[in-house]
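The block underneath contains the structure these notes are about, expressed in structure tokens.
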Amino acid sequence: MSRVGVFGAGYVGLVTGACFAELGHDVVVRDVVADRIEQLRAGTVPIYEPGLEELLSRNAERMTFTLEVADAVEGADFLYVAVGTPPTYSGDADLSAVWTVVDELAGLERPAVLVMKSTVPVGTGAKVRHRLDERGLDNVGYVSNPEFTAEGTAVRDFQQPDRIVIGAFAAADGDAVEELHRGIEAPVVRSDVASAEMIKLAANAALMTRISFINEIANVCEVTGADVVRVAEGVGLDRRIGPSFLRAGIGYGGSCFPKDSLALKQLAANSGYHFQLLNAVIEVNELQKRRVIGKLQQHLGSLRGKTVALLGIAFKPNTDDVREAPSLVLAGRLVAEGADVRAWDPVADGSALPRATICGDPLEALDGADAAVVVTEWPQLAQLDWRAAAGRMRNPLLIDGRNMLDPDELRAAGFTYEGIGRAAA
Ligand SMILES: NC(=O)c1ccc[n+]([C@@H]2O[C@H](COP(=O)([O-])OP(=O)(O)OC[C@H]3O[C@@H](n4cnc5c(N)ncnc54)[C@H](O)[C@@H]3O)[C@@H](O)[C@H]2O)c1
């Protein structure tokens, strides 16, 4: 069994660390935020990710949490980098946390493999390799092992991945990382470092392209009288296409897609290439969020003084992550139009929403509202007593931004219902 140091106790670092501990490895997770480390030592999980709490407690004996670099590197065979790589002002990925970790390894004496889990631009591995060599750290190998897990299903995704991608400069380092995953059944894609970095960016771009594609089909459905839910079903049954990521809605958000699409766009642009398709994907997604405001205005006229309930704040269900969530754009636009915003989410913290009243349950959010928008497809909303909900509102208008509800049922419950790309009543 190996010893693994993980830098970053966020969504990826904690899941990676806990899953390696579950495979029997000793894991030390290091973060720079003292609160986070204290919580983890006390057995409290600082993020909401289904299954993670159980996994951490089951493997508590094999896991240590620390603020000290020395604890993480001591005796480590692998040093996983799982720090954030947010966008800079220009859209390029901000690699400052990655470089901090690389520089923190300065005194490393023992041979180890540095493994990049963070999503980084193509070429980062080569630069890190160069910096390691400059510091005389030729005993430290480098491997790109990008992460494909999705928040909400991250534990399952890590334990039963579609594939494990390993890009290495030296075959022995790649072999070692492959061996570290022993116990996980999945195809392994071995490649050079640059290709592994590109696989991550290209996979995300492909998923975003499908989302923007079906959203544009939905918009055309709206003006032609077709129903995108039926259209997506019929298209997705084609084996060459497949059904996933064909749900029309109010666009993608989250901590990965928006920033990774910008990073790929900038990466291409910095190399002199104009990535036209990706630019369109990003623009369609931005417009898609704003179309909701247009729909509300079509029904209500001016939104000044109107109350709009946002059902869901997290960027998707089963996570508390609100980074780049469509709810932020919607709340901002609604406030700018003069509306009052009430919002509910079962786990996400609504403090990032500008001037919204945060409510403890969906019915409370709907109290006296002129319209409601389903922003996140939380299962609680499928079970809501919509007849009672209609009675709580001043005007029972529902924009189903995720096409998760049955239009006929909602209309029978007294709502004026409008989805995204769905046939009008
Ligand atoms: N969140 C996802 O679902 C997901 C999926 C695939 C890939 N990724 C990628 O993985 C990376 C991490 O994402 P995340 O969502 O886990 O980020 P996160 O913001 O949740 O966690 C990053 C953690 O790193 C810590 N950190 C910063 N500097 C550090 C240092 N020098 N040493 C140790 N810890 C440090 C931060 O305090 C934070 O706790 C990103 O590059 C992201 O794009 C994320």
Side-chain angles (χ1 to χ4, degrees), residues 4-19 27-40 45-50 52 64-73 76 79-88 92-106 114-121 124-125 128 144-158 161-165 196-197 199-205 207-208 252-264 314-325:
V4 185
V6 179
F7 285 79
Y11 290 86
V12 170
L14 284 178
V15 170
T16 301
C19 289
V27 176
V28 182
V29 181
R30 188 256 174 161
D31 205 288
V32 288
V33 179
D35 264 6
R36 200 155 258 240
I37 293 301
E38 272 162 34
Q39 283 183 45
L40 287 161
V45 186
I47 55 167
Y48 178 82
E49 183 60 50
L52 183 58
T64 317
F65 301 99
T66 185
L67 286 168
E68 304 303 326
V69 176
D71 296 340
V73 300
L79 295 160
Y80 263 81
V81 182
V83 297
T85 48
T88 56
D92 294 278
D94 177 356
L95 296 182
S96 52
V98 169
W99 288 118
T100 302
V101 174
V102 173
D103 290 341
E104 283 167 339
L105 304 179
L114 182 65
V115 191
M116 190 58 69
K117 262 273 170 243
S118 297
T119 305
V120 294
T124 303
V128 174
S144 165
N145 174 216
E147 188 49 67
F148 300 94
T149 53
E151 285 174 26
T153 53
V155 173
R156 190 202 64 199
D157 295 347
F158 194 100
D162 293 341
R163 75 304 211 183
I164 297 167
V165 174
E197 292 166 339
I199 288 169
K200 171 63 192 169
L201 298 176
N204 271 359
L207 295 172
M208 288 179 268
Y252 59 76
S255 64
C256 290
F257 282 178
K259 82 167 172 67
D260 291 347
S261 55
L262 282 180
L264 180 54
F315 84 93
K316 67 173 182 178
N318 294 319
T319 183
D320 59 350
D321 203 340
V322 299
R323 289 178 282 185
E324 302 281 341

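All ligand and atom numbering here is 1-based and tracks the order in the structure.
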Closer than 4.0 Å to some heavy atom of [X] - which atoms of ligand 1 meet that?
X	answer
Val32	26 (N), 27 (C), 28 (N), 29 (C), 30 (C), 31 (N), 32 (N), 34 (N), 35 (C), 37 (O)
Glu104	31 (N)
Ser255	1 (N)
Gly8	23 (C), 24 (O), 25 (C), 33 (C), 34 (N)
Cys256	2 (C), 4 (C), 5 (C), 8 (N), 44 (C)
Thr149	3 (O), 5 (C)
Gly84	22 (C)
Val33	37 (O)

Option of least heavy-atom distance to [atom] (set: [options]):
atom	options	answer
atom 10 (O) of ligand 1	Val12, Thr153, Thr85, Ile37	Val12
atom 12 (C) of ligand 1	Val83, Val29, Asp321	Val83
atom 3 (O) of ligand 1	Glu147, Glu151, Arg323	Glu151

Is there a polar contact, in the sense of an N or O pair closer than 3.5 Å, between Tyr11 and ligand 1?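 So ligand 1 has an N or O lying under 3.5 Å from an N or O of Tyr11.
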Arg30 versus ligand 1: do any nitrogen or oxygen atoms come within less than 3.5 Å of each other?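 Among all N and O atoms of Arg30, at least one is under 3.5 Å from an N or O of ligand 1.
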Minimum heavy-atom distance between [X] and [Y], given as atom pair plus value:
X	Y	value
Phe158	Pro161	O-CD, 3.3 Å
Val12	Ala82	CG1-CB, 4.0 Å
Ser118	Thr85	CB-CG2, 3.9 Å
Ala9	Arg36	O-NH1, 2.8 Å
Glu68	Arg30	O-CG, 3.7 Å
Ile164	Asn145	CG2-ND2, 3.9 Å

For Phe7, run the side chain to side chain contact (heavy atoms under 4.5 Å, CB included) check against Asp31, Val69, Val29, Val102 and tell me which one passes.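 Per the side chain to side chain contact (heavy atoms under 4.5 Å, CB included) rule, the option paired with Phe7 is Val69, out of Asp31, Val69, Val29, Val102.
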In terms of residue, atom name and distance, what is the protein heavy atom nearest to [atom]?
atom	result
atom 42 (C) of ligand 1	Lys259 NZ, 3.9 Å
atom 9 (C) of ligand 1	Thr119 OG1, 3.4 Å
atom 21 (O) of ligand 1	Gly10 CA, 3.2 Å
atom 37 (O) of ligand 1	Asp31 OD1, 2.6 Å

Are [X] and [Y] close enough that some pair of their side-chain heavy atoms sits under 4.5 Å apart?
X	Y	value
Leu105	Leu79	yes
Phe315	Glu324	no
Val83	Trp99	no
Glu151	Ser255	yes

Test of understanding: given a 4.0 Å heavy-atom threshold, classify the contact between Pro146 and ligand 1 as side chain, backbone, both, or neither.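 None of Pro146 does.
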